[in-house]
Amino acid sequence: MKVNPNHSSNPTDPDVYHDHNDCVSGAQIPASNKVSGTGGYRKCDHCKDLD
Ligand SMILES: [Zn+2]
């Protein structure tokens, strides 16, 4: 399902944002690292596939 853009605050994570809550990559971001918004990053490839 589509959700508001979010990304990880962890600098070792890929510089992408997610906008699907069933993205396998986005699901690996712990809630404590999740930041709302795109962060100025490009969209994650998994989320592109889910569009
Ligand atoms: Zn994603």
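The structure presented is a predicted model; accordingly, all values stated were derived computationally and were not measured. The figures here come from the full heavy-atom set of this structure, side chains too, leaving out hydrogens, waters and symmetry mates.
For Thr38, the side-chain contact (heavy atoms from CB on, under 4.5 Å) test picks out Pro5, Tyr17, with sequence neighbours left out.
Asp45 CG to Cys23 SG: the interatomic distance, rounded to the nearest 0.5 Å, is 9.5 Å. The NE2 atom of His20 lies 5.5 Å from the SG atom of Cys47; values are rounded to the nearest 0.5 Å. Separation of atoms NZ (Lys2) and CG (Asp19) is listed at 4.5 Å; rounding is to 0.5 Å. Rounding to the nearest 0.5 angstrom, the gap separating the OG atom in Ser25 from the CD1 atom in Ile29 is 6.0 Å. In this structure, Asn21 CG and Asn6 CG are separated by 9.5 Å, a value rounded to the nearest 0.5 Å.
In terms of heavy atoms, Gly37 sits closest to His7 at O-ND1, 2.7 Å. Minimum interatomic distance between Lys34 and Gly26 (heavy atoms only, all atoms of both residues): CE-O, 3.7 Å. What you find for Lys48 and Arg42 is that their closest heavy atoms are NZ-NH1, 4.2 Å.
At least one donor-acceptor pair closer than 3.5 Å links the side chain of Ser9 to the backbone N or O of Asn33.
A donor and an acceptor atom, one from each side chain of Ser8 and Asn10, are nowhere located under 3.5 Å apart.
Side chains of Lys43 and Asp51 form a contact here, defined as non-hydrogen atoms less than 4.5 Å apart.
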